[in-house]
Structures are given as structure tokens and as C-alpha cells.
Amino acid sequence: MELLNDLRSNWTIIVAKIVLIVLLALCWYNVASFTQSTSQAVTQGLSTVADADLYTVIDDLDPEAFEAIRRDERALDADRLVRRPHR
């Protein structure tokens, strides 16, 4: 009987602890799953028989050309690059 009285008086704390344990387990599962999938992706991406290759972007623009683009306000205007429907 004493156990039932303890459960009735402390049910909110017990539920809070259960929720906390479930959330911690979910966080651990997410981290473990992300770590495993990332490790597999890197291993597969570096393989010579992979379906897809990993690519990198290399900036080979010389500094003077970069400065010229930065000074040109029209080149920096991203709104002009968006296609607008003809009315």
C-alpha cells in the first residue's frame, strides 16, 4: 500500500524522469546514427568504386579580379539574377 501512496504523491516527478530518460536515449540514438552514416558516406565517397564522387570547389580567381567584382554594385545585386515572370 505504501508503494501506491508513493506513486500517487510523486507521479509528476516519476513521469518527468521517464521523459528525460527517453529524450536522452533519443539524443544518443541520433548522435550514434549520424556518426555511423557520416563514417559510411566518407568511406564510400573516397572509394574508387563509389557511385558518386565527392567534389570540392576551388577558387582560382585572382585578387584583382575579385576586387573588381566587389566594387561593381551591379555584379553584387542578387535581385537582378532572379527571373521574374513577364506580365
Side-chain angles (χ1 to χ4, degrees):
M1 224 38 204
E2 188 176 333
L3 182 61
L4 287 176
N5 287 336
D6 284 344
L7 287 175
R8 287 182 186 150
S9 63
N10 296 325
W11 70 270
T12 54
I13 295 173
I14 293 170
V15 169
K17 286 180 181 180
I18 291 171
V19 168
L20 183 64
I21 289 171
V22 168
L23 287 176
L24 287 173
L26 286 174
C27 287
W28 179 83
Y29 173 77
N30 282 337
V31 168
S33 173
F34 176 76
T35 303
Q36 181 182 12
S37 66
T38 303
S39 177
Q40 287 176 352
V42 168
T43 303
Q44 182 184 11
L46 298 177
S47 172
T48 57
V49 294
D51 291 337
D53 293 327
L54 295 177
Y55 294 98
T56 57
V57 176
I58 299 173
D59 180 15
D60 61 350
L61 190 63
D62 62 62
E64 292 81 22
F66 181 74
E67 281 299 318
I69 291 173
R70 284 190 63 206
R71 280 188 242 113
D72 184 12
E73 289 183 21
R74 181 167 157 68
L76 296 176
D77 185 16
D79 289 336
R80 72 178 178 82
L81 300 176
V82 177
R83 288 186 172 214
R84 304 195 192 285
H86 296 301
R87 294 180 186 184

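Atoms considered below: every heavy atom in the structure, side chains included; atoms not considered: hydrogens, waters and symmetry mates.
Between the CZ atom of Phe34 and the OG atom of Ser39 there is a distance of 11.0 Å, given to the nearest 0.5 Å.
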Could you pull out all donor-acceptor pairs under 3.5 Å where a side-chain atom in residues 2-13 meets a protein atom, sequence neighbours excluded?
| unit_1 | atom_1 | unit_2 | atom_2 | d |
| --- | --- | --- | --- | --- |
| Ser9 | OG | Asn5 | O | 3.1 |
| Ser9 | OG | Asp6 | O | 3.2 |

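By the side chain to side chain contact (heavy atoms under 4.5 Å, CB included) test, Asn30 pairs with no residue at all, sequence neighbours left out. By the side chain to side chain contact (heavy atoms under 4.5 Å, CB included) test, Ala65 is found to be paired with Leu61, Asp62, residues two or more places apart in sequence or in another chain being considered.
Under the side-chain contact (heavy atoms from CB on, under 4.5 Å) test applied with Leu20, the options Leu24, Val22, Ile18 reduce to a single match, Leu24.
Summarising the hydrophobic clusters (Ile, Leu, Val, Met, Phe, Trp, Tyr; side-chain heavy atoms under 4.5 Å, direct or chained), the residues clustered with Ile21 are none.
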